[in-house]
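Right, one structure below, let's go through it.
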Number of protein chains: 2
Amino acid sequence: MNNQNYNGIRSFIAVSKCGSFTLAAEETGLSKAVLSQQLSALEKELEVQLMHRTTRKLRLTELGEVYLAKCQQGFKELELAKDWVTQASTALAGPIKINMVGGVIGEQMLAPLLIQFQQNHPEIELSINFSSHQVDLLASQFDLVIRMGTLADSSLVGRHLINITTRYVAAPEFLNKHQAIQHPQDLNQVPLIYGSVNKWLFKQGKQGNIQEQQVKASKGLQVANGEVMCQAALAGLGVARLADVYVAKYLASGELFEVLPQWQEITPLTLLCPPSQYQLERIRVLMNFLINNIPNRYEQLLQMK
Amino acid sequence: MNNQNYNGIRSFIAVSKCGSFTLAAEETGLSKAVLSQQLSALEKELEVQLMHRTTRKLRLTELGEVYLAKCQQGFKELELAKDWVTQASTALAGPIKINMVGGVIGEQMLAPLLIQFQQNHPEIELSINFSSHQVDLLASQFDLVIRMGTLADSSLVGRHLINITTRYVAAPEFLNKHQAIQHPQDLNQVPLIYGSVNKWLFKQGKQGNIQEQQVKASKGLQVANGEVMCQAALAGLGVARLADVYVAKYLASGELFEVLPQWQEITPLTLLCPPSQYQLERIRVLMNFLINNIPNRYEQLLQMK
DNA sequence: AATCACTGTTTAGTAATAGTTAACAATAAG
DNA sequence: CTTATTGTTAACTATTACTAAACAGTGATT
């Protein structure tokens with residue numbers, strides 16, 4: 001990959017096409033002087049005469065004829081490369097890899113929207129992965145990641161989608177059997193239903209005056225699945241810590257009741273993408289689609305019976 | 001044929017190959033700063049992210065991957081074009097078109113040398129044309145022209161090959177029948193054998209003191225062929241004006257005698273080529289071959305019996 | 001968890017070259 | 001022979017390619 005006199009070659013091509021320096025100068029918007037200089041420089045580099053020239057007539061040498069064709073070929077490839085890139089970057093087509101949280105959020109809230117998006121843009125090839133753990137967007141090949149909570153990873157650009165309220169719920173039968181729960185520490189006395197996190201951190205108050213309480217779950221049922229936790233709570237097995245999307249309809253129907261409502265936790269749902277200065281159009285479109293539709297979809301889910 | 005950021009593309013290719021800016025900097029001999037700048041500039045122009053980069057890891061985007069391949073292809077073509085040119089210009093192969101004088105000079109002196117040259121370089125494709133009139137080397141496609149006399153055409157570069165002596169000769173029988181010829185004007189009294197030129201111009205003396213004599217041939221035989229003129233002279237038809245290559249052996253054997261030896265004319269044989277600053281190697285080689293061998297060949301011809 | 005070595009980026013300044021204008025030389029046409 | 005037009009040259013300017021050094025993240029080491 002050696003240095004080449006690209007300007008010289010361009011001048012050569014232009015002059016050859018036009019058959020005259022003066023015409024080529026008009027065509028390219030350059031002065032005829034520079035065309036002459038650059039062509040001379042090219043010939044000097046190649047140590048070859050590419051054109052015979054009088055003040056009136058130009059004629060390519062045999063070498064020039066072939067060299068011209070080959071160079072035009074090369075430049076055409078480069079031009080096609082550029083065209084391809086701009087086309088590919090602006091087209092609503094091609095692959096988008098998404099990694100997102102599972103559970104009701106992923107399956108009930110996000111997936112239907114993505115399916116709809118895929119239907120709207122059949123040229124786009126959506127591929128969806130579920131996982132909750134941290135993903136290195138640079139190392140892995142995901143274009144978008146949707147996560148619960150505010151992520152520490154600074155190499156990602158995050159956009160807030162919605163706030164999800166985490167509630168503490170129990171069945172009325174259960175509440176009748178136990179003492180009223182009025183403080184987080186009261187949870188130490190009753191069976192709990194918990195998922196992957198067994199340390200429940202309670203925060204309350206504005207910044208500067210934050211009360212913290214911690215409860216370590218041990219008694220009760222551990223099951224890493226929101227749906228099953230929900231079923232367990234409905235069966236009166238204990239107090240469960242669940243996002244409102246799981247429990248909204250049961251709270252509405254009275255099948256579950258909320259305890260410690262003043263200790264509700266608010267967790268943001270965040271859309272993350274690699275810090276690309278130049279985003280592909282298809283990804284930009286999907287991001288906007290998600291940002292515009294997820295809030296409504298969230299409301300729908302909460303009101304679903 | 002739009003402007004493209006060739007340096008940007010080159011930097012992109014180099015960094016992609018090396019997998020690191022620092023390595024690519026060493027490889028290319030540029031500073032890593034300029035690689036970074038140029039790649040950024042390229043991305044800005046394309047409005048596309050070609051590479052994801054951390055301080056530790058580089059990874060091509062999907063777009064970058066394809067763009068890289070396409071650009072490499074394009075550059076490869078350009079490189080091949082250059083390689084082809086240098087190869088073609090230095091190789092002893094390819095066509096050489098020659099236009100040269102006919103007659104004994106062309107057929108007996110030059111042609112055998114050219115045949116020998118063609119045998120020495122079978123990859124070269126020699127093509128030979130005979131003619132005496134002026135040829136525009138630029139308009140026609142001749143690489144070399146061999147002509148008698150010093151040509152006025154300034155657009156050609158001439159190299160002196162040999163001096164050919166033109167003599168006035170007659171058979172001894174003829175000379176016995178006529179008065180002694182001691183001055184050009186004496187030729188008006190005897191039959192002459194002449195070719196295409198029927199005005200014989202005689203010059204004598206150094207510059208500044210030149211004597212000129214002109215004789216217009218009319219009586220005698222006109223035949224535009226040196227060989228036939230020679231035969232006519234041998235048959236005693238008259239005084240012929242012939243290059244020494246035609247008559248040398250007859251002068252040696254006494255079959256012909258020279259008249260007016262002090263009025264001998266010396267005509268240079270000249271090798272002409274287009275004013276190419278960069279000569280193809282094969283043409284340079286042929287020119288040297290001719291320049292080196294024609295004098296010997298000329299001597300050979302003169303001594304031939 | 002803090003340091004360290006290394007990476008890519010930024011900035012400011014310099015060297016190189018791509019570019020222009022105007023005068024010039026050469027050629028074909030009137 | 002003159003004229004109009006072409007390609008080349010020369011002197012100069014604007015642009016850009018490039019460098020060096022300070023900077024700021026990142027990942028491994030301890």
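Chain identifiers are assigned alphabetically (A, B, ...) following the order of the sequence lines, protein sequences preceding nucleic acid strands; residue numbering begins at 1 within each chain. Computed from heavy atoms alone, side chains included, the values below leave out hydrogens, waters and symmetry copies.
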Does a side-chain N-to-carboxylate-O contact under 4.0 Å join [X] and [Y]?
X: A/R241; Y: A/E265; answer: yes
X: B/E47; Y: A/R284; answer: no
X: A/R53; Y: A/E43; answer: yes

Would you say [X] places a side-chain N or O within less than 4.0 Å of OP1 or OP2 belonging to [N]?
X: B/Q38; N: D/dC18; value: yes
X: A/R53; N: D/dT8; value: yes
X: B/S36; N: C/dT9; value: yes
X: A/S31; N: C/dT21; value: no
X: A/S20; N: D/dG7; value: yes

Rounding to an integer number of Å, can you tell me how far [X] [atom1] sits from [N] [atom2]?
X: B/L23; N: C/dG8; atom1: CG; atom2: P; answer: 8 Å
X: A/F21; N: D/dT9; atom1: CZ; atom2: C1'; answer: 13 Å
X: A/R10; N: C/dG19; atom1: CZ; atom2: C1'; answer: 12 Å
X: A/E45; N: C/dA18; atom1: CD; atom2: C1'; answer: 14 Å
X: A/I9; N: C/dA18; atom1: CD1; atom2: P; answer: 12 Å
X: A/L58; N: D/dT8; atom1: CG; atom2: C1'; answer: 13 Å
X: B/L35; N: C/dT7; atom1: CG; atom2: C1'; answer: 14 Å
X: B/K57; N: D/dG27; atom1: NZ; atom2: C1'; answer: 9 Å

* Asked: With a 4.5 Å heavy-atom cut-off, do B/C273 and B/D143 have their side chains touching?
  -> no
Please pick, from [options], the nucleotide with the shortest atom-to-atom distance to any side-chain atom of [X].
X: A/Q37; options: D/dT19, D/dT9, D/dG7; answer: D/dT9
X: B/V34; options: C/dT20, D/dT19, D/dT8; answer: D/dT19
X: B/N7; options: D/dT9, D/dA17, C/dG8; answer: D/dA17

* **Parallel, tilted or perpendicular: rings of A/Y6 and B/Y6 (30°, 60°)** => parallel
* To do: Give one of base, sugar-phosphate or nothing for A/G8, where a contact means two heavy atoms less than 4.0 Å apart.
  => nothing
* To do: May I ask you to say what B/G19 touches in the nucleic acid, namely base, sugar-phosphate or nothing, with a heavy-atom cut-off under 4.0 Å?
  => nothing
